[in-house]
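Here is the structure we will look at.
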Amino acid sequence: INRDNFLLYVEECDSPEDLADCLYLGEDYERHEKVFLAVFELWRKLVPHKQSLSIFVDEFDHLIQRYEEGDIECEEDLETSIESFQTILDDNVDEGGGAREGYQCFSAYSCHDLEIFMFEYIAHQIDIEDRLYANELLDGFYPYVDGRQWFDLLKARLVYAVDEGEGKVMIERLLTSLKEDKELYLLFETLHYLIYIEETDIFRSAYYQALEEVETEEDLRELLMLTAEY
């Protein structure tokens, strides 16, 4: 296949996956994967204007990796990709798709846990006091994530920064929900935050709640670290 023929094939296919299926009709999985990897790289280099979900997520993954390695020069491109990520999810819902279904489909292409990344990314925006951007991201991604309680903590942090009373109510509401839908490591994360804002009374209540759920040595070590931090 030369360049011109490859571009003709691309006109008839929506994605590298479709093109790989057209070019290799055999049943040998390993050979199919080799064809797909070659097609994927050619598509990415020769047809950058014709995006596919897999290529977009591959580029998104590279930006996440650079960001996590401390490359600040990628932050503007990362913000653009996050905005595109949300647009893809919104468009899927507008076309009749399920919110969670679309998010899980997107995540299946990624080598990162996108939900953890978005939680940590938004938390960082709150830490550096870019609350407006953090709030936009929370509003945009909240309908799609599975671990909404984790994002409820971020919402409580944002509210607490401007209204301590309402923030306390939201944290207490989260702790109540965690009694029914247990999530020990979210409890630990909440305890870290309560130490930071010096909310002693709520901390004690959450601490005893966590103590009742500790089951492993690893859990106990984490709780002891929190105790020392407190």
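Excluded from the calculations below are hydrogen atoms, water molecules and symmetry mates; all remaining heavy atoms, backbone and side chain alike, are included. It should be emphasised that the depicted structure is a prediction, and the values quoted were computed from it without experimental measurement.
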Quick check: closest heavy atoms across [X] and [Y], and the distance to 0.1 Å?
X	Y	result
Tyr144	Ala99	CD2-O, 3.4 Å
Trp150	Leu186	CZ2-N, 3.5 Å
Gly98	Asn92	O-ND2, 3.4 Å
Val39	Pro16	CG1-O, 3.8 Å
Phe151	Gly147	CD1-O, 3.4 Å

Atom pair [atom1]/[atom2] of [X] and [Y] - distance to nearest 0.5 Å:
X	Y	atom1	atom2	value
Ser110	Ile64	OG	CD1	5.5 Å
Thr80	Leu63	OG1	CG	9.0 Å
Cys111	Asp61	SG	CG	3.5 Å
Glu229	Leu224	CD	CG	12.5 Å

Heavy atoms of other groups near Glu217 CD, more than 12 under 6.0 Å: no
Heavy atoms from other residues, nucleotides or ligands near CG of Leu8 exceed 12 (cutoff 6.0 Å): yes
CA sep, side-chain torsions, deciding dist, call: Tyr230, Leu191, side chain to side chain contact (heavy atoms under 4.5 Å, CB included): CA-CA 9 Å; Tyr230 173 78; Leu191 286 167; over 6 Å; no
Set of residues satisfying side chain to side chain contact (heavy atoms under 4.5 Å, CB included) with respect to [X], sequence neighbours excluded:
X	result
Asp181	Gln149
Leu25	none
Val169	Arg173

Would you list the atom pairs, donor with acceptor, under 3.5 Å between side chains in residues 124-143 and any protein atom, with sequence neighbours excluded?
| residue | atom | partner | partner atom | Å |
| --- | --- | --- | --- | --- |
| Gln125 | NE2 | Tyr121 | O | 3.4 |
| Asp127 | OD1 | Arg157 | NH2 | 2.5 |
| Tyr142 | OH | Asp152 | OD1 | 2.8 |

Joint cluster assignment, Leu187 & Met225, ILVMFWY side-chain distance < 4.5 Å: no
Transitive ILVMFWY side-chain link Ile116 to Val145, under 4.5 Å: no
Full working for side chain to side chain contact (heavy atoms under 4.5 Å, CB included) between Ile72 and Tyr67: CA-CA 7 Å; Ile72 60 174; Tyr67 173 80; over 6 Å; no
Identify all side-chain donor-acceptor contacts of residues 195-210 below 3.5 Å with residues at least two apart in sequence or on another chain.
| residue | atom | partner | partner atom | Å |
| --- | --- | --- | --- | --- |
| Glu199 | OE2 | Tyr160 | OH | 2.8 |
| Tyr207 | OH | Thr227 | OG1 | 2.8 |
| Gln209 | NE2 | Leu175 | O | 3.0 |

side-chain hydrogen bond (donor to acceptor under 3.5 Å, both in side chains) partners for Thr216, two or more places apart: Asp219
Check: Lys179 main-chain N/O paired with Lys182 side-chain donor or acceptor under 3.5 Å: yes
Donor-acceptor under 3.5 Å (Ser177 side chain, Leu174 main chain): yes
Pairs touching residues 162-194 that satisfy ring pair (Phe, Tyr, Trp, His ring centres under 6.0 Å), sequence neighbours left out: Tyr185-Phe188
N/O donor-acceptor pairs under 3.5 Å from side chains in residues 27-36, not counting sequence neighbours:
| residue | atom | partner | partner atom | Å |
| --- | --- | --- | --- | --- |
| Asp28 | OD1 | Glu30 | N | 3.0 |
| Asp28 | OD1 | Arg31 | N | 3.2 |
| His32 | NE2 | Asp21 | OD1 | 2.8 |

Hydrophobic cluster of Met170, others only, ordered by chain and residue number, side-chain cut-off 4.5 Å: Val159
Side chain to side chain contact (heavy atoms under 4.5 Å, CB included) evaluation trace for Ile82 with Met118: CA-CA 9 Å; Ile82 289 172; Met118 289 308 306; 4.1 Å; yes
pair Thr190-Leu194: side-chain heavy atoms closer than 4.5 Å: yes
Heavy-atom check, side chain of Leu42 versus side chain of Val10, under 4.5 Å: no
Pairs flagged by salt bridge (charged side-chain N to carboxylate O under 4.0 Å, His left out) wherever residues 97-125 is involved - sequence neighbours left out: Arg100-Asp146
Pairwise salt bridge (charged side-chain N to carboxylate O under 4.0 Å, His left out) hits with a residue in residues 67-92, at least two apart: Arg66-Asp71
Set of residues satisfying ring pair (Phe, Tyr, Trp, His ring centres under 6.0 Å) with respect to Phe106, sequence neighbours excluded: Phe56, Phe85
